[in-house]
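Right, one structure below, let's go through it.
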Amino acid sequence: WEGLLEAMNGSRRFGELRLCFYGLREEPYFSRIKQVAQTLKLDKVSIYEDLSPQEFQGLMRSSTVFVRPTHSDGDSVAVREALSLGKMVVASDVISRPDGCALFRSGDVNSLRETLEGVPLAPAVGNNSVPVSSDFGERIINLYREVGAR
């Protein structure tokens, strides 16, 4: 998150930066993020904790770009939610991402900054389709069945 704040430093392209967190975290975690935002003079940073799915969807709908700045990740449902809402998605390259994501090198603030500066702030005209990606669910279930049979 500190890298995202650093990448946003000096950018006039975006308005409010909304940081959303699931799961309980201890206060020092958020204090550190707030301290970094203040040091960088980012005055439009809001932190949201443990939003309901409806609240998160509301924030996502009113946002322009969704950023997933992780160093490790599973198959992020939030990335897919953002894409299904037609949002521009910027995500780290730690795993394979669905079509429609603009990727940056994980942990590389300059790569994140460049990607954020280059991403269009609206989907291409006439491109209202939801990106399709591979569904590995059946293969995973079959693998579990095979391992369970041993």
Side-chain angles (χ1 to χ4, degrees), residues 1-25 28-141 143:
W1 295 105
E2 289 90 342
L4 174 58
L5 293 172
E6 189 177 334
M8 294 295 294
N9 189 26
S11 175
R12 300 202 189 295
R13 190 161 191 239
F14 301 97
E16 179 186 9
L17 180 61
R18 302 168 179 172
L19 306 179
C20 299
F21 298 92
Y22 285 109
L24 299 175
R25 289 178 166 68
Y29 185 80
F30 296 114
S31 294
R32 171 74 182 135
I33 292 171
K34 290 174 186 174
Q35 179 185 23
V36 170
Q38 288 173 347
T39 301
L40 295 173
K41 296 182 173 62
L42 297 172
D43 57 346
K44 294 182 181 180
V45 177
S46 300
I47 295 176
Y48 298 88
E49 302 174 61
D50 288 323
L51 297 172
S52 70
Q54 294 79 15
E55 292 170 319
F56 182 72
Q57 286 287 318
L59 274 179
M60 183 109 55
R61 278 189 184 87
S62 66
S63 297
T64 305
V65 177
F66 177 79
V67 182
R68 183 77 176 178
T70 58
H71 294 288
S72 62
D73 211 349
D75 184 20
S76 172
V77 172
V79 165
R80 293 173 184 277
E81 288 174 327
L83 289 169
S84 73
L85 290 171
K87 302 301 174 182
M88 302 309 301
V89 175
V90 173
S92 61
D93 64 357
V94 296
I95 64 166
S96 219
R97 301 289 185 180
D99 291 342
C101 293
L103 301 181
F104 68 93
R105 288 182 303 280
S106 178
D108 186 332
V109 172
N110 289 326
S111 177
L112 175 53
R113 183 180 294 115
E114 290 169 6
T115 304
L116 285 168
E117 290 300 320
V119 73
L121 295 182
V125 175
N127 183 10
N128 294 325
S129 64
V130 175
V132 178
S133 61
S134 300
D135 181 2
F136 297 102
E138 188 174 335
R139 286 200 276 180
I140 292 170
I141 296 294
L143 176 64

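Taking SG of Cys101 as the reference point, atom CZ of Arg68 lies at 11.0 Å (rounded to 0.5 Å). In this structure, CG in Asn9 is found 7.0 Å from CZ in Arg113, a value given to the nearest 0.5 Å. One distance of note links CZ of Phe21 with CD1 of Ile33; it measures 3.5 Å at 0.5 Å rounding. The CZ atom of Arg18 sits 11.0 Å away from the CE atom of Met60 when rounded to the nearest 0.5 Å.
Looking only at distances, a side-chain donor or acceptor of Ser76 sits under 3.5 Å from a matching main-chain atom of Val79. Panel note: side chain Arg32, backbone Glu2; no donor-acceptor pair is recorded below 3.5 Å. Side-chain atoms of Ser106 never come within 3.5 Å of backbone atoms of Val94 as a donor-acceptor pair (strictly under, hydrogens ignored). Not one N or O on the side chain of Asp93 forms a donor-acceptor pair closer than 3.5 Å with the backbone of Leu103.
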**Q.** Worked check of side chain to side chain donor-acceptor pair (under 3.5 Å) between Ser92 and Arg105
**A.** CA-CA 6 Å; Ser92 61; Arg105 288 182 303 280; over 6 Å; no

Q. After noting the C-alpha distance and the side-chain angles of Glu81 and Lys87, does the key distance pass the side-chain contact (heavy atoms from CB on, under 4.5 Å) rule?
A. CA-CA 9 Å; Glu81 288 174 327; Lys87 302 301 174 182; over 6 Å; no

Q: Walk me through it: do Leu112 and Val67 pass the test side-chain contact (heavy atoms from CB on, under 4.5 Å)?
A: CA-CA 9 Å; Leu112 175 53; Val67 182; 4.3 Å; yes

Q: Could you check Ser111 against Asp108 for side chain to side chain donor-acceptor pair (under 3.5 Å), going step by step and ending with a plain yes or no?
A: CA-CA 5 Å; Ser111 177; Asp108 186 332; 4.9 Å; no

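A 4.5 Å side-chain heavy-atom check between Ser46 and Leu19 finds every atom pair outside the cut-off. Side-chain contact between Val89 and Val119 is absent, with no heavy atoms from C-beta onward closer than 4.5 Å.
Pairs passing the ring pair (Phe, Tyr, Trp, His ring centres under 6.0 Å) check and including a residue from residues 40-68, sequence neighbours excluded, read Tyr22-Phe56.
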